[in-house]
Protein chains: 2
Amino acid sequence: MYDIDLTSAISEIKRLKARIVALQVPEGLKKRAYQFAEDIEKNSSAEVLVVAEPCFGACDIPSSLFDMVDAVVNIGHSPIPSLKYGKPVIFVAARSKVPIVDQLKKSVGMLHEPVGVLATSQHLTQLDEVIEGLESMGIKTKISEGDSRISHAGEVLGCNFTAATALAKDVNSYLLIGSGSFHALGVHLSTGKKIVVLDPNLEEPREIDQIKDKMLRQRHAVIERAENARIFGIIVGEKIGQRRMRRAKELRKLLRWKRKDAALILMDKFDPEKLRSLPFDAYVSTACPRIAIDDVAMYDKPLLTPQELEIVLGVRDWENYTFDQMTEDEI
Amino acid sequence: MYDIDLTSAISEIKRLKARIVALQVPEGLKKRAYQFAEDIEKNSSAEVLVVAEPCFGACDIPSSLFDMVDAVVNIGHSPIPSLKYGKPVIFVAARSKVPIVDQLKKSVGMLHEPVGVLATSQHLTQLDEVIEGLESMGIKTKISEGDSRISHAGEVLGCNFTAATALAKDVNSYLLIGSGSFHALGVHLSTGKKIVVLDPNLEEPREIDQIKDKMLRQRHAVIERAENARIFGIIVGEKIGQRRMRRAKELRKLLRWKRKDAALILMDKFDPEKLRSLPFDAYVSTACPRIAIDDVAMYDKPLLTPQELEIVLGVRDWENYTFDQMTEDEI
């Protein structure tokens, strides 16, 4: 389902004269990890260390291994340009091979022109095809760069919708190529515009009204449950592209101003079990914004985004509910 | 059940002029994490980041956080003197408060003099009491320093039994103060001597013959299952005190010499799920030696220790079965 071409990564390994490289492979491609490692080792003089930990994005490069390796090869994510790793990180695209042009026809009736065109990382290489396809059907399209956390025009990350918001005044709807509903919800909440999701693996374009209503009901309930919390744990993500210490400290100040107690917590991979053993009444995550939303059912204690904490503390209105984003100057 | 005294840690934080410290708390004490953090923040000018990740020993200091903090406070483990962290790590003992002297009487009939006296980290502070108690009953005792991975006389780690092996010629049995059977099995396999385990929380001294037989049957089965494996994954632990890259590379050479394929794998916290998604027929762990033994039932594919791989490949006899150890010059 995915094309992985290691040729340019191997050239880069040779250029760097890297002797030992860590290899990050997305979960869905892990069964091919040995084949990728062999390919690199046979065609360069580097030794490969296959990283067993799951990787959730270009924010999730294993900085703790930097003193063991000369470079990291990351398959399946596009770089975050504003992030300085301190070691060479070689990004290898995983290009979806599912044809998409025929599927566009079904979306056309759902869209309002001009259409903002968006994709998640795995489908970026299909955006040209999408624009060409829509234009050939007479549909006007727009595409925009994002801020410096975004490497490709039209790309949306779970933590950054700036390639969409930049177009908000110029389009009447969005078409997002990608799976799941999280990115689409984020774009919709940030822009107020209609969005249609086309997942090439599902073949049916979807709107998100129902899932949006369900999500908002869930978030409302979590916010209500957090209102009686006395001691808050503010979570700073350990992953190199999620370390929002400044934001966490601001939230701690806000909580103290509102006469609540708060401690700062460091967490790598989020896990309800880790929070269950800690003594806090509610948690605020400044790490990957998806976790609180996607995994809501897994957490006993309220797990809030920073914006949701603002609602709990009465400094933001529910009407201004929006997803959390990480912007270029934050990390 | 445990006395935690943060006074000297707070003095050290002040001496270091640390502004931000990471705090590692053992799982059993996590409910007191906020109280510990408050204590440090009220009595120093440092801000505390509570580490949500579990900590399995002095080998498990979060090196990935070193650029976010000025020091680490670790509660519940004793230092590994040979390990260079590159940042100040302040160790705070968790001293068991369970009285032990009365329980010694029940052990006496099971021991052969002279008795080597041993403890796991949580019970080190009770060793003086144990020696005094046994001697007052007329039992001769011996105690020894370990190698440079061991900070206290009589201390055994899951990866290092040198404080026991140093006494092997001078004692006829061991008394180990600690919980579980792993350390006792390790000492027994390394020395061939009888060992009695006294867990102060259980109040009944135990011998390990039955559990040893069960463990050896399990290991024999795992070794047999690995004999047909074609591609091996050799796991290097990411934790700062478990990174045996040299050992892993030696094992890879050995496998290749025996015409087997092998790749190197990096893993932080061990998790059967992480291995399940990888394509290897069998795994060898050079990280914490306990995992393969304690968690045997959790792994579908054979997970071997380095010594067990040697048996699989015919370069060690089953009769020389022994637990894996990490020695002072390895990391």
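Chain letters run A, B, ... following the sequence lines, proteins first and then strands; every chain starts at 1.
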Residue part contacting chain B, namely of A:Ile20, when any heavy atom lies under 4.5 Å
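Answer is side chain: those atoms of A:Ile20 sit under 4.5 Å from chain B.
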Could you tell me whether a side-chain N or O of A:Lys31 sits under 3.5 Å from a main-chain N or O of B:Leu278, the two making a donor and an acceptor?
yes
Would you say that [X] contacts [Y] through its side chain, given a criterion of any heavy-atom pair below 4.5 Å between the two side chains?
X	Y	answer
B:Glu47	A:Lys249	yes
A:Arg32	B:Pro279	no
A:Glu238	B:Glu53	yes

Name the region of [X], side chain, backbone, both or neither, that has any atom closer than 4.5 Å to a heavy atom of chain A.
X	result
B:Phe66	neither
B:Val25	neither
B:Glu41	side chain

Salt bridge (charged side-chain N to carboxylate O under 4.0 Å, His left out) contacts touching residues 68-77 of chain A (sequence neighbours left out):
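Qualifying pairs: A:Arg19-A:Asp70.
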Indicate the atoms forming the closest heavy-atom contact of A:Leu266 with B:Leu65, along with that distance.
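Residues A:Leu266 and B:Leu65, closest heavy atoms: CD1-CD1, 3.4 Å.
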In terms of heavy-atom pairs under 4.5 Å, which option from A:Lys269, A:Arg243, A:Glu27, A:Arg252 contacts chain B the most?
A:Arg243
Please rank A:Met245, A:Lys274, A:Glu38, A:Met267 by heavy-atom pairs under 4.5 Å with chain B and give me the top one.
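Answer, by heavy-atom pair count under 4.5 Å with chain B: A:Lys274.
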NZ/NE/NH1/NH2 to OD/OE distance under 4.0 Å, A:Glu273 and B:Lys30
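No, no charged N to carboxylate O under 4.0 Å.
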